[in-house]
Structure formats: structure tokens, C-alpha cells
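Take a look at the structure below.
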Amino acid sequence: MSDSLAGRMPAPPRGAGPAHGQQGSSANLADILERVLDKGIVIAGDIQINLLDIELLTIKLRLLVASVDKAKEMGIDWWEHDPSLSSRARPAPGTDAGPGHDALADENERLRAELAHLRSAAAGIPGSGAAGDRAAPAEQENER
């Protein structure tokens, strides 16, 4: 049992060239890589960790290896829409502008509509024109 693998393997004959399959391995690897990227390959596997027949953890692995052109042909283009990977991608709502950005934008729109409604209601009240004129510069400052 203490024999090493090298000790059990026969020594190569002197003057012999590289073993079969090693002489063009870089060219073969490039051909294989080109074929894989051109056609695509899917590697799938599941890892489960159980303790006394109780499932503690399950990891599902799915890996797709393909060229960008092949991925686009299959309808996969998520990297074009991810702001961290593409400068042309739009940030998702609420991510780049900070948490609660959508809620603030909605509240701002609601308040603008309410202000417009109050202005139109005040236009019909005599003597309310001066109050509306004083509020306008303050609103203009907020819009800047």
C-alpha cells in the first residue's frame, strides 16, 4: 500500500518521443474550445448534504459555456442589461438612486398633482391671486 503510483508505472523507453495524445495537445485543445464555444455546452449537477436522512443543504449547479454570439442566438443576453457589466444598461428601479427612490418619485408626483388641483380651485376664489403669486417663486426654487 505504500507503493507510489510512479513506482508501479513502467519507465518510458529511452529516446522515445512524447506519449500518444501529447504532441498536438495545444492544437487539439484550441479546436475543442472553439467547438464548445461555437456549439455550447451545459454542465448540470446537484449537491445534497444530508445528516441522518435529514436534508440540510441542496445546491443545484447549472453551467452554460458558449460564445457570446451563440448565447445571443439562444436568447441569453443578461450582461447587456446589467448596469455593473454594461454602461448602456439602465439601473433597475430603486437600485442606483438609493432605496425608496420609487416611493419618493411617486410621492413627488402625487404632491405636484395635489398642488395643481389646489391652484385650480384657488383660481376661482376672489383675492387668492396674490397668495398664488407668492407660492410660485418657492415652487420654482424647489424644482431647480
Side-chain angles (χ1 to χ4, degrees), residues 1-125 128 131-144:
M1 291 220 177
S2 63
D3 294 336
S4 70
L5 182 61
R8 290 185 275 159
M9 297 292 291
R14 290 191 175 196
H20 178 68
Q22 289 182 350
Q23 57 189 3
S25 64
S26 63
N28 289 341
L29 182 61
D31 291 339
I32 290 170
L33 183 60
E34 182 180 347
R35 190 173 299 163
V36 165
L37 291 176
D38 185 44
K39 303 257 187 221
I41 185 170
V42 175
I43 301 170
D46 297 334
I47 299 171
Q48 271 190 335
I49 298 176
N50 296 332
L51 180 65
L52 300 173
D53 292 332
I54 298 171
E55 184 177 323
L56 298 177
L57 178 67
T58 299
I59 300 173
K60 294 183 179 249
L61 300 172
R62 306 295 181 259
L63 175 66
L64 169 68
V65 179
S67 67
V68 170
D69 294 333
K70 184 64 176 180
K72 284 183 178 181
E73 184 181 311
M74 295 179 344
I76 302 170
D77 61 352
W78 52 264
W79 60 88
E80 291 180 348
H81 308 291
D82 188 342
S84 63
L85 298 174
S86 174
S87 61
R88 288 181 262 162
R90 288 185 182 172
T95 55
D96 197 41
H101 173 70
D102 290 336
L104 290 175
D106 291 343
E107 182 181 13
N108 191 5
E109 185 64 32
R110 185 182 55 80
L111 290 172
R112 287 179 188 273
E114 186 177 340
L115 180 61
H117 175 71
L118 290 173
R119 281 190 176 159
S120 65
I125 301 174
S128 64
D133 291 341
R134 278 187 257 136
E139 181 189 358
Q140 288 174 358
E141 286 296 319
N142 289 338
E143 289 180 357
R144 288 185 207 167

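When every heavy atom of Ala66 is checked against every heavy atom of Gly40, the shortest pair comes out as CB-CA, 3.9 Å. What you find for Met74 and Leu64 is that their closest heavy atoms are CE-CD2, 3.5 Å.
Here the CD1-CZ distance, from Ile32 to Arg35, works out to 7.5 Å after rounding to the nearest 0.5 Å. Note that CG of Leu61 is 10.0 Å distant from CD1 of Ile43, once rounded to the nearest 0.5 Å. Atom CG of Leu118 and atom CD of Glu114 lie 5.5 Å apart (nearest 0.5 Å). Note: Leu111 CG to Leu104 CG = 10.5 Å, rounded to the nearest 0.5 Å. Here the CG atom belonging to Leu33 is positioned 12.5 Å from the CG atom belonging to Asn28, to the nearest 0.5 angstrom.
Applying the 6.0 Å contact sphere to CD of Glu34 captures no more than 12 heavy atoms from other residues, nucleotides or ligands.
Pairs of residues two or more places apart, or lying in two chains, that qualify as side-chain hydrogen bond (donor to acceptor under 3.5 Å, both in side chains) and include a residue from residues 41-57 are Asp46-Arg62, Gln48-Glu55, Glu55-Thr58.
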Problem set entry | Residue pair Ile76, Lys72: steps toward the side-chain contact (heavy atoms from CB on, under 4.5 Å) verdict | CA-CA 5 Å; Ile76 302 170; Lys72 284 183 178 181; over 6 Å; no
For this session: Check the pair Lys70, Glu73 against salt bridge (charged side-chain N to carboxylate O under 4.0 Å, His left out), reporting the backbone distance first and the verdict last.
Result: CA-CA 5 Å; Lys70 184 64 176 180; Glu73 184 181 311; 3.3 Å; yes
For this session: Start with the C-alpha distance between Leu63 and Val42, add both sets of side-chain angles, then the distance that settles side-chain contact (heavy atoms from CB on, under 4.5 Å), and finish with yes or no.
Result: CA-CA 6 Å; Leu63 175 66; Val42 175; over 6 Å; no
